[in-house]
Amino acid sequence: MSKDPNSEIPKWKQDFPIEQKEATHVSRREFAKFLTLLSGALAVGNTAIVVKSLAFPEKPLEGEHAICMESEVREGDSFMFEIEGSKTIPYLLINLGNGEWRAFEQKCTHLSCAVKYRHDLGQIECPCHKGYFNPRTGDVIQGPPPRRLPQLEVVIREGQVFVKAQQS
Amino acid sequence: MSDFRQSQNEAHPNKTNTLMTGIIFLLILFVTIQIWFLFGTLNNALQENLNFAITTAVGSLVFAFASFWLMKYLPEPIKRKMKK
């Protein structure tokens, strides 16, 4: 816009005023500049997520992993285990009874709290914010979790429990 | 001696104010939408929904460029004369 009529005050002097009142004052211009900077930072953050997803895609679980013996997990009980991969993910193996076994990621899809199987309720519970999941499908029954629990396929062979990635 | 800009500012003292309010209002709107996009992307990236992430990233960049472009219209402050 107009040329500043008081251009005698150099820029460095404007940025370091003598009075404290002037130093702590945030003008509307400064506020608008801060908002612009924030807008740029948000765009960079959003782009970084895309770049990360494209450059480092998560590798699917490969092969079968032996977990434990079938006799170690009683009916209605669950068993925690971890699988080392590109990152270590905790899982929950559940013996639902009648030969039904399920394995889910143990991290709640809401805020990554550890979920546990409640046989008395017949549901998987997240104790942090009372989220409940279906122990057969991993679907959300109730509470704040936005997505179902990721599931693995369970294979029982010669009394031993194996897990592998679910075939879609 | 007063110039054209000075007489304009004196004739329409609210102009700078209106322009400033409009710019800040637009910037807040852009940033709000960008936060919404980022929240959605974080949620959807976990579900391996890459298309959503790409779309929101492009949208967010457009808003960021619009914000920087708005800076062009940021009015200069009207300052008092400095005593010599």
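Side chains are part of it too, since the values below use all heavy atoms of this structure and drop only hydrogens, waters and symmetry mates. Letters go in sequence order (proteins before strands), and every chain restarts at 1.
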Participant: Under a 4.5 Å side-chain heavy-atom rule over Ile, Leu, Val, Met, Phe, Trp and Tyr, are Leu92(A) and Phe133(A) clustered together?
Facilitator: yes
Participant: Under a 4.5 Å heavy-atom cut-off, does chain A meet the side chain of Leu70(B), its backbone, both or neither?
Facilitator: neither
Participant: What pair of heavy atoms forms the shortest contact from Ala53(B) to Asn46(A), and how long is it?
Facilitator: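 Minimum heavy-atom separation between Ala53(B) and Asn46(A): O-OD1, 4.2 Å.
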Participant: In terms of heavy-atom proximity below 4.5 Å to chain B, should Lys33(A) be classed as side chain, backbone, both, or neither?
Facilitator: both
Participant: Please name the pair of heavy atoms, one in Ala32(A) and one in Ile24(B), separated by the smallest distance, quoted to 0.1 Å.
Facilitator: CB-CG1, 4.2 Å
Participant: I'd like to know if Leu149(A) and Val154(A) are part of one continuous hydrophobic network [Ile/Leu/Val/Met/Phe/Trp/Tyr, side-chain heavy atoms within less than 4.5 Å].
Facilitator: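 Per the 4.5 Å side-chain linkage, Val154(A) and Leu149(A) are not co-clustered.
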Participant: Above 12 or not: heavy atoms from other molecules or residues under 6.0 Å from CD of Glu19(A)?
Facilitator: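 No, the 6.0 Å shell around CD holds no more than 12 heavy atoms from other groups.
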Participant: Which heavy atom of Ala43(A) sits nearest to which heavy atom of Ala64(B), and what is that distance?
Facilitator: CB-CB, 3.6 Å
Participant: Do you know which of Leu61(B), Leu38(B), Ile33(B) makes side chain to side chain contact (heavy atoms under 4.5 Å, CB included) with Leu42(A)?
Facilitator: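 For Leu42(A), the side chain to side chain contact (heavy atoms under 4.5 Å, CB included) check succeeds only for Leu38(B).
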Participant: Is there a path of hydrophobic side-chain contacts, each under 4.5 Å between heavy atoms of I, L, V, M, F, W or Y residues, that connects Val161(A) with Leu152(A)?
Facilitator: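 Yes; tracing contacts between hydrophobic side chains, which count when under 4.5 Å, links both residues.
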Participant: Give me the atom names and distance for the closest heavy-atom approach of Gln34(B) to Ser39(A).
Facilitator: OE1-OG, 2.8 Å
Participant: Going hydrophobic residue to hydrophobic residue with side-chain gaps under 4.5 angstrom, can you get from Leu111(A) over to Ile89(A)?
Facilitator: no
Participant: How many angstroms lie between atom CZ of Arg28(A) and atom CG of Asn17(B), to the nearest 0.5 angstrom?
Facilitator: 4.5 Å
Participant: Please examine the side chains of Leu35(A) and Ile23(B), heavy atoms only from C-beta on, and report whether any two atoms are closer than 4.5 Å.
Facilitator: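 No, every pair of side-chain atoms sits at 4.5 Å or beyond.
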Participant: Please report the shortest heavy-atom distance between Gly40(A) and Phe68(B), naming the atom on each side.
Facilitator: CA-CE1, 4.2 Å
Participant: Answer with yes or no whether the hydrophobic clustering places Trp36(B) together with Leu29(B); edges join I, L, V, M, F, W, Y residues whose side-chain heavy atoms lie under 4.5 Å apart.
Facilitator: yes
Participant: Any idea which heavy atoms bring Leu50(B) and Ser53(A) closest together, and the distance?
Facilitator: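 Nearest pair, atom of Leu50(B) first, then Ser53(A): CD1-CB, 3.4 Å.
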Participant: Side chain, backbone, both or neither: which part of Ile35(B) has an atom under 4.5 Å from a heavy atom of chain A?
Facilitator: both
Participant: Give a yes or no on this: more than 12 heavy atoms of other residues, nucleotides or ligands lie within 6.0 Å of atom CE of Met80(A).
Facilitator: no
